[in-house]
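To start, the structure itself, in structure tokens.
Chain naming here is simple, since letters A, B, ... match the order of the sequence lines and numbering starts at 1 in each.
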Amino acid sequence: MSNLLEINNLSIDVKIEKSYYNIVNRLSLSIAKKQKYGIVGESGSGKSLTSVAIMNLLADSLSVSEGQILFEETQELTTLSNKEMMKIRGKDISIIFQEPMTALDPIFTIEYQISEVLKIHFNHSKKEMREMIISILKDVGIPRPESIMKSYPHELSGGMRQRVVIAMALICKPKLLIADEPTTALDVTIQAQILELMNELTEKYDTSILMITHDLGVINETCERVAVMYAGEVVEESSVDSLFSHPKHPYTQGLLKSIHTLGDRSEKLYSIPGNVPTPTQLKKHGCRFASRCPHVMDLCKEETPPYVEVSEDQVSKCWLHTERGEYNEQGQKASVASEEYEKTFSD
Amino acid sequence: MLTYITRRILMLIPVLFGVSVFIFIVMRIVPGDLAMTILGNNATPESLHQLREDFGLNLPLYVQYFNWMSGVLTGDFGQSMRTGQEVLPDILSRFKLTFELTLISAFISWIIAIPLGIIAAVKRNTNTDFGVRLISLLGVSVPNFALAIIIILVLSLAFSYSPPIEYVGFFENPLQNLEIMIIPAIVLGSSMAGAVMRMTRSSVLEILRQDFIRTIRAKGARERIVIFNHALRNAMIPILTIIGLQVGTLLGGTVIIEQIFSLPGLGQLVLTAINQRDFIVVQGAVLFIAFVFVFINLLVDVLYSYLDPRIKYK
């Protein structure tokens with residue numbers, strides 16, 4: 001299976017008052033054709049930045065300092081000129097942003113805004129465009145598309161607007177759809193509908209998805225593979241099934257533990273202590289999760305852990321999986337981590 | 001929309017009524033006697049009394065107001081107490097000049113201010129941006145008369161230019177007319193440009209930070225489309241507000257600039273009339289200016305709803 005998108009060792013730096021701080025560190029992942037790939041992590045973990053970097057739309061203060069983003073194995077997106085990139089944006093790769101309320105230009109009609117994408121990339125007649133727009137609006141479940149397309153964004157609800165944004169992103173039948181927290185701003189009842197819609201349509205159009213979210217539930221519902229990001233690094237990469245049945249990295253375990261399930265009557269919700277370190281707090285060496293890790297060893301603070309293939313389809317970046325991390329400072333066997341996790345979950 | 005415009009026009013009535021009462025009273029409170037200024041200090045009490053009687057100045061104030069108003073409402077603004085000329089045709093002919101001057105200055109201001117404002121916003125915090133901001137600061141803070149004098153000085157020293165003495169109407173001799181108008185228009189235009197530039201910069205900058213701009217870029221749109229089709233159109237409302245106020249003010253005449261360039265505009269008319277205590281002319285002109293100002297504002301409000309579909313008037 002050939003890869004549609006391959007990110008190799010991507011690092012992104014932010015410039016704060018003339019010095020550069022690393023915020024995405026040597027991130028690698030690859031998305032196959034028609035695959036549904038997820039990136040999950042807390043806010044500030046660099047997941048949205050990665051998506052913006054793929055579109056080559058990073059803000060002025062941000063820059064890619066190393067690595068490649070290969071699209072369809074031939075095009076290197078980080079070095080493409082803006083002109084060439086414009087041909088890809090909206091046509092081959094499109095993106096859905098988090099906030100449907102502000103993602104649309106308030107002074108143009110829905111029809112104008114969807115037709116704009118078509119005008120940029122194709123030469124359809126007015127009538128053809130109209131028909132395409134009506135059909136895509138029907139596809140995204142908008143009732144009475146003929147009249148809705150004449151309305152302005154402020155006349156639609158949040159759910160409807162997100163449907164319009166999805167229609168806009170899919171009308172050129174892109175090869176990759178990046179969805180950056182597409183449901184976070186929506187009502188819970190609408191969330192499931194939108195996810196289902198995205199699943200359905202991307203299958204219909206043979207589009208791959210890169211789903212960016214902080215919500216493991218969303219990953220579980222939509223994705224096949226997932227990368228867990230922490231402080232700008234992928235800490236675990238695996239198939240969704242493996243991740244949920246046997247998470248290996250202590251951070252992933254913490255994330256899964258902090259999911260609140262319906263009917264859970266325990267008094268206190270679990271949360272990982274501490275906060276994601278800010279770019280200025282990050283150290284050059286050592287594990288970035290060390291300060292919050294329940295299994296932290298001296299080793300973790302000094303040396304950067306390697307990626308370890310923990311099972312057939314699962315990679316985790318942690319010392320615990322290596323011989324050097326077999327025993328922690330209390331002399332306990334380190335693989336306890338995983339057992340302990342399973343114990344808490346079975347309770 | 002039509003009902004909204006009708007209602008706004010109806011609202012003009014109380015505003016203009018208020019203005020008319022105000023200016024009527026003010027003109028009668030200010031010290032200085034019309035009869036005295038006409039007849040001079042040596043006039044006999046009898047002749048002064050006679051003149052006041054002729055102008056109806058001895059009648060009770062409300063009767064005077066009523067007489068004036070009933071004339072105005074039928075389109076008769078009365079005659080100048082000094083020259084005996086009809087007031088309204090005089091106002092209109094001077095308004096032609098003021099109108100032309102306003103149009104040219106506004107045009108000059110926009111072609112300078114809007115592109116520079118956009119450039120400053122797009123290249124924010126670069127030297128270009130600082131340059132533009134400095135220019136706009138100068139435009140806002142250098143007084144018109146100073147700029148006018150500097151320009152005349154430079155032109156006369158370098159090109160032995162002198163401001164034309166005689167005004168020529170546009171339809172009599174367009175070229176000569178433009179020659180007269182261009183310098184005052186540049187002076188007025190550059191001071192208008194400062195404010196418009198600042199507003200364009202900050203307003204475009206704010207729009208460029210909005211989420212939907214990122215969406216448009218993600219569609220693959222060229223930067224030109226992003227800026228002109230989306231950012232500028234969205235940024236137009238505050239810019240239009242400033243422009244409306246400026247144009248409204250300019251249409252009321254610019255006393256100082258008209259004086260410096262000896263242009264017979266509305267401002268000069270009002271100034272002369274005030275000096276001569278020519279009540280009828282002042283009242284008529286002020287009422288006219290107020291009408292124009294309110295009308296321009298109405299026009300701006302109507303344009304808002306054209307620019308932004310979220311603004312709906314009922």
Region of B:Ile225 in contact with chain A, defined by heavy-atom distances below 4.5 Å: side chain
Residue among A:Lys87, A:Met168, A:Lys83 with most heavy-atom pairs under 4.5 Å to chain B: A:Met168
Contacting moiety of A:Asp60, where chain B heavy atoms sit under 4.5 Å: side chain
Chain A contact via B:Arg124 - side chain, backbone, both or neither, heavy atoms under 4.5 Å: side chain
Ring center gap for A:Phe108 and A:Tyr152 short of 6.0 angstrom: no
Presence of salt bridge, A:Asp139 and A:Lys204, under 4.0 angstrom: yes
A:Ser94, part contacting chain B, at a heavy-atom distance under 4.5 Å: neither
Part of A:Leu104 lying under 4.5 Å from any heavy atom of chain B: backbone
Carboxylate-amine/guanidinium proximity below 4.0 Å for A:Lys175 and A:Asp92: yes
SB check A:Lys47 A:Glu181 (cutoff 4.0 Å): yes
Pair B:Glu223 + B:Arg217: basic N to acidic O under 4.0 Å: yes
Contact origin within B:Ile207 toward chain A - heavy atom pairs under 4.5 Å: neither
Part of A:Glu155 within contact of chain B (heavy atom distance under 4.5 Å): side chain
